[in-house]
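Have a look at the structure below, then the notes.
Values in this document were obtained by computation on a predicted structure and should not be read as measured data.
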Amino acid sequence: MKITFYGHSSLGIEVGGKHILVDPYISANSKASYININEIKADYILLTHVHFDHIHDVEYIASRTSAIIVSNYEVAMHYGQKGFKSHPMNIGGSWNFDFGKVKYVHAVHSSSFADGSYGGNPGGFVIEGEHKNIYIAGDTALTMDMKLIPLRTKLDLAILPIGNNFTMDVEDAIIASDFVECDKIVGVHYDTFGYITINHEESIRKFFDKGKDLMLLKIGESIEL
């Protein structure tokens, strides 16, 4: 399983011979200006919720690649009515895709399209594929429901927001990593806007002091599990 960071909360995941794109907000992110979205492959696009900083490039990339959009029922229906291929899910449900198993899990946040229309319940994803398991928290506060995840899935990596103001901060993300029983973390949702700027060295040290590894990937950088 290969994971590539495209900035903010945008990720590319290669698993089971398929390409998965998560929350594509790339072309409008000045920090990711050197990423060419025309070169990004996508068989599936997973959306945690529909704030602008998570869906900006969905329609363009889905049109180009014919990717299947996977999200909650309301979001899947929204894009389905526009002619895009979609797969609806809801919290607690899972589905065996051709690259592995995906479970849609609880997140504490909000979700609405730019015009204010309803975006359903925000969520996160647990992906099991190639004998590796990852948790993509999406935009969320710290929640006790995170403790349910390791009851079913032993994680190899947790992808957690750490920027504060709109989501968890570093300290809450450390607790979240305890709740999901995973000490290998990729931080997302930081530095893109003034509200969510973090101190990189201090954040890494705080995780290290708890015996955990926080990875703050450069935009375009990849890791392999």
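- Apart from Y73 itself, the hydrophobic cluster it occupies contains M77, where clustering links Ile, Leu, Val, Met, Phe, Trp and Tyr at side-chain heavy-atom distances under 4.5 Å.
- Between atom CD1 of residue I3 and atom CD1 of residue I223 there is a gap of 5.0 Å, rounded to the nearest 0.5 Å.
- When the side-chain contact (heavy atoms from CB on, under 4.5 Å) test is applied to A67, the partners found at least two apart in sequence or on another chain are A42, I45, T65.
- The two residues S27 and D57 have their closest heavy-atom pair at OG-OD1, 2.5 Å.
- Residue pairs satisfying the side chain to side chain donor-acceptor pair (under 3.5 Å) criterion with at least one member in residues 160-173, sequence neighbours excluded, are listed as follows: E171-K206.
- Apart from F52 itself, the hydrophobic cluster it occupies contains Y25, F166, F193, Y195, I196, where clustering links Ile, Leu, Val, Met, Phe, Trp and Tyr at side-chain heavy-atom distances under 4.5 Å.
- When hydrophobic clusters are built by joining Ile, Leu, Val, Met, Phe, Trp and Tyr residues whose side-chain heavy atoms come closer than 4.5 Å, directly or via intermediates, V188 is not grouped with V108.
- H189 and S9 share no donor-acceptor pair across their side chains, judged by distance under 3.5 Å alone.
- Separating the CD1 atom in I127 from the CZ atom in F99 is a distance of 5.5 Å, to the nearest 0.5 Å.
- Distance OG/S10 to CZ/F5: 7.5 Å, rounded to 0.5 Å.
- Remark: H19 pairs with no residue by the ring-ring contact (aromatic ring centres under 6.0 Å, His included) rule, at least two apart or across chains.
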Decide yes or no on side-chain contact (heavy atoms from CB on, under 4.5 Å) for I162 and M168, but give the supporting numbers first. CA-CA 5 Å; I162 59 174; M168 295 187 290; over 6 Å; no

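- No side-chain donor-acceptor contact under 3.5 Å links T140 to the backbone of A107.
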Step-by-step side-chain contact (heavy atoms from CB on, under 4.5 Å) determination, L46 to I20: CA-CA 7 Å; L46 273 56; I20 303 164; 3.6 Å; yes

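- With rounding to the nearest 0.5 Å, the separation of CZ in F179 from CG in L148 is 11.0 Å.
- Closest of all the heavy-atom pairs between M146 and V180 is O-CG1, 3.6 Å.
- Side-chain atoms of S111 come within 3.5 Å of backbone N or O of G119 as a donor-acceptor pair.
- In this view, R64 satisfies the salt bridge (charged side-chain N to carboxylate O under 4.0 Å, His left out) rule with no residue, not counting sequence neighbours.
- Side-chain N or O atoms of E130 include one that pairs as donor or acceptor with a backbone N or O of G16 at under 3.5 Å.
- Every pair passing side chain to side chain donor-acceptor pair (under 3.5 Å) that includes a residue from residues 213-225 is listed here, sequence neighbours excluded: T4-S222.
- When all heavy atoms of V70 and F125 are compared, the closest pair comes out as O-CZ, 3.9 Å.
- In the hydrophobic cluster analysis, where Ile, Leu, Val, Met, Phe, Trp and Tyr join through side-chain heavy atoms closer than 4.5 angstrom, Y135 is grouped together with I175.
- Screening D23, V102, I13 for a side chain to side chain contact (heavy atoms under 4.5 Å, CB included) involving I136 leaves a single residue, I13.
- Pairs passing the ring pair (Phe, Tyr, Trp, His ring centres under 6.0 Å) check and including a residue from residues 197-225, sequence neighbours excluded, read Y190-H200.
- No side-chain donor from either of N29 and H8 sits under 3.5 Å from a side-chain acceptor of the other.
- At a cut-off of 3.5 Å, with distance as the only test, no side-chain donor of H51 or D139 sits close to an acceptor on the other residue.
- Looking only at distances, a side-chain donor or acceptor of D191 sits under 3.5 Å from a matching main-chain atom of I198.
- To the nearest 0.5 Å, atoms NE2 (H56) and CD1 (I37) are separated by 8.5 Å.
- Scanning for ring-ring contact (aromatic ring centres under 6.0 Å, His included) contacts around F113 gives H78, with sequence neighbours left out.
- Of all heavy-atom pairs spanning V58 and P24, the tightest one is CG2-CG, 3.6 Å.
- Closest approach of H49 and P122 over heavy atoms only: CB-CB, 3.9 Å.
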Take I26 and I40 through the test side-chain contact (heavy atoms from CB on, under 4.5 Å) and record every step on the way to the result. CA-CA 11 Å; I26 304 167; I40 292 176; 3.6 Å; yes

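- Residue pairs meeting the side chain to side chain donor-acceptor pair (under 3.5 Å) criterion with at least one partner in residues 175-184, sequence neighbours excluded, are S177-K212, D178-K212, D183-K212.
- For residues 81-105, the side chain to side chain donor-acceptor pair (under 3.5 Å) pairs, not counting sequence neighbours, are Y44-D98, E59-K82.
- When all heavy atoms are compared, the tightest approach of D156 to H131 is OD2-O, 4.1 Å.
- By the rule that hydrophobic residues join a cluster once side-chain heavy atoms approach within less than 4.5 Å of another member, I149 and I91 end up as members of one cluster.
- Every residue two or more places apart in sequence or in another chain was checked for a salt bridge (charged side-chain N to carboxylate O under 4.0 Å, His left out) with E201, and none qualifies.
- How far CD1 of I134 is from CG of L157: 6.5 Å, rounded to the nearest 0.5 Å.
- Put simply, the side chain of F84 does not reach to within 4.5 Å of the side chain of S66, judged on heavy atoms.
- Using modelled atom types, one side-chain atom of Y34 and one backbone atom of I219 make a donor-acceptor pair closer than 3.5 Å.
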For I69 and L47, what are the C-alpha separation, side-chain angles and deciding distance, and is it a side-chain contact (heavy atoms from CB on, under 4.5 Å)? CA-CA 7 Å; I69 298 169; L47 302 178; 3.8 Å; yes

